[in-house]
Peer 1: 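This is the structure I have questions about; it appears just below.
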2 protein chains.
Amino acid sequence: MDVQIVREVSRDGRATLAHLSAAVGLSVSAVQTRLRRLEARGAIRGYRAVVDPDAVGRPLAAFIEITPLDPAQPDNAPEMLEHLDAIEACHSIAGAASYMLFVRVAAPRDLEVLIRDIRQAASVSTRTTVVLQTFFENRPIEPALTR
Amino acid sequence: MDVQIVREVSRDGRATLAHLSAAVGLSVSAVQTRLRRLEARGAIRGYRAVVDPDAVGRPLAAFIEITPLDPAQPDNAPEMLEHLDAIEACHSIAGAASYMLFVRVAAPRDLEVLIRDIRQAASVSTRTTVVLQTFFENRPIEPALTR
DNA sequence: GTTGAAACCGTACGGGC
DNA sequence: GCCCGTACGGTTTCAAC
């Protein structure tokens with residue numbers, strides 16, 4: 001039941017309780033209680049408008065792999081990079097590099113500036129892969145069937 | 001003005017028109033007109049609940065780079081892969097590989113199955129990088145300052 | 001862009017299972 | 001514990017300006 005609510009609200013974040021109620025076959029009140037609980041437990045972290053990057057002046061996306069220059073140093077790259085608003089995501093990864101970033105900028109020269117900022121802010125080397133075309137992204141997460 | 005509305009609604013996708021109206025200093029109706037126009041023009045593509053991947057049984061994320069086995073063949077990998085709901089994003093990239101995927105699964109063995117499915121569906125070789133920890137992701141896109 | 005009125009929705013509360 | 005129904009205040013909608 002909760003799974004179905006999550007699915008609906010992750011497809012349409014502005015769906016009304018009445019609509020959700022119709023979709024899952026519960027009363028509005030019951031849906032509201034479940035939704036509030038899902039939000040309180042952190043299963044639903046919030047709601048976002050999905051924005052077209054081109055429309056807000058960030059048509060160029062890239063992946064940036066990051067490797068600390070001195071592996072002996074304590075490494076707090078994520079905190080050092082958080083203030084750069086071009087960085088949309090930051091993961092630590094298994095592999096040659098330590099972190100994988102996903103970034104969006106307006107133009108190639110902004111990417112150059114960003115890479116320089118990243119290197120300076122976190123004392124790291126970088127390896128950048130430019131995105132040529134995005135076929136799809138941010139697809140709603142389907143609750144996994146396997147338990 | 002539109003920029004400010006986009007920023008607000010991308011931080012809180014369920015913000016009411018009344019709240020947006022207060023935030024940008026326009027009447028509720030004016031905000032509604034602008035919001036409808038932004039949606040119609042595709043600047044706002046939709047609204048999503050931000051779901052905790054752990055809570056829906058997909059705690060394991062990975063990047064998968066994809067290279068066609070036969071570069072001479074016409075390549076329609078994205079269409080071939082669209083039906084796999086573990087794939088959250090699919091970009092074509094500049095670099096050694098042709099595509100970069102971002103995927104979420106329940107456990108390592110599901111990743112194994114997924115990689116096999118991808119290889120078969122699209123006749124490609126893959127290179128997978130497991131995500132160890134996500135510091136942040138899906139941060140709201142700030143409209144770029146530079147024009 | 002604005003105002004205003006009607007329809008709709010979110011919320012809290014009472015009660016039943 | 002979970003669910004439903006109702007009533008009220010806030011919200012969305014759409015007309016006229």
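Here is how names work: the chains are called A, B, and so on, in the same order as the sequence lines, proteins then strands, and each is numbered from 1.
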Peer 1: Taking only side-chain nitrogens and oxygens of Arg36(A), does any of them come within less than 4.0 Å of OP1 or OP2 of dT11(C)?
Peer 2: yes

Peer 1: When rounded to the nearest 0.5 angstrom, what is the spacing between CD in Gln4(A) and CG in Leu26(A)?
Peer 2: 8.5 Å

Peer 1: Please determine, for the side chain of Ala30(A), which listed nucleotide (dC2(D), dG10(C), dC4(D)) has the closest atom?
Peer 2: dC4(D)

Peer 1: Can you name the salt bridge (charged side-chain N to carboxylate O under 4.0 Å, His left out) partners of Asp2(B), sequence neighbours left out?
Peer 2: Arg34(B), Arg37(B)

Peer 1: Please list, chain by chain and in numerical order, all residues satisfying side-chain contact (heavy atoms from CB on, under 4.5 Å) with Ser27(B), sequence neighbours excluded.
Peer 2: Ser29(B), Ala30(B)

Peer 1: Hydrophobic cluster mates of Val113(A), side-chain heavy atoms under 4.5 angstrom, ILVMFWY only, any path?
Peer 2: none

Peer 1: Starting at CD1 of Ile5(A) and ending at C1' of dC2(D), how long is that distance when rounded to a whole Å?
Peer 2: 12 Å

Peer 1: Among pairs that include at least one residue of residues 41-62 of chain B, which meet ring pair (Phe, Tyr, Trp, His ring centres under 6.0 Å), considering only residues two or more places apart or in two chains?
Peer 2: none

Peer 1: Which Ile, Leu, Val, Met, Phe, Trp or Tyr residues join Leu132(B) in one cluster when any pair of side-chain heavy atoms under 4.5 Å counts as a link?
Peer 2: none

Peer 1: With 3.5 Å as the limit, what N/O pairs link the protein to nucleotides 14-17 of chain D?
Peer 2:
residue, atom, partner, partner atom, Å
dC14(D), N4, Ser29(B), OG, 3.1

Peer 1: Do the charged groups of Arg36(A) and Glu39(A) touch, with an N to O distance under 4.0 Å?
Peer 2: yes

Peer 1: List in chain and number order the residues that pass ring pair (Phe, Tyr, Trp, His ring centres under 6.0 Å) with Phe136(A), two or more places apart in sequence or in another chain; answer none if no residue qualifies.
Peer 2: none

Peer 1: Tell me: CG of Leu35(A) to P of dC2(D), nearest whole Å?
Peer 2: 15 Å

Peer 1: Would you indicate, yes or no, if dC2(D) has its OP1 or OP2 atom less than 4.0 angstrom from a side-chain nitrogen or oxygen of Arg37(A)?
Peer 2: yes

Peer 1: Using a cut-off of strictly less than 4.0 Å between a heavy atom of the residue and any atom of DNA chain D, enumerate the qualifying residues of residues 7-21 of chain B by number.
Peer 2: Thr16(B), Leu17(B), Ala18(B)

Peer 1: Just list the side-chain donor-acceptor pairs under 3.5 Å for residues 115-123 of chain A, sequence neighbours left out, or say none.
Peer 2:
residue, atom, partner, partner atom, Å
Arg119(A), NH1, Thr126(A), OG1, 3.1

Peer 1: Using a cut-off of strictly less than 4.0 Å between a heavy atom of the residue and any atom of DNA chain D, enumerate the qualifying residues of residues 38-47 of chain B by number.
Peer 2: none

Peer 1: Suppose we screen for ring pair (Phe, Tyr, Trp, His ring centres under 6.0 Å). Which residues come up paired with Phe102(B), at least two apart in sequence or across chains?
Peer 2: His91(A), Phe63(B)

Peer 1: Which residue pairs satisfy the ring pair (Phe, Tyr, Trp, His ring centres under 6.0 Å) criterion with at least one member in residues 111-132 of chain A, sequence neighbours excluded?
Peer 2: none

Peer 1: Atom CG of Leu26(A) to atom C1' of dC4(D): distance rounded to whole Å?
Peer 2: 10 Å

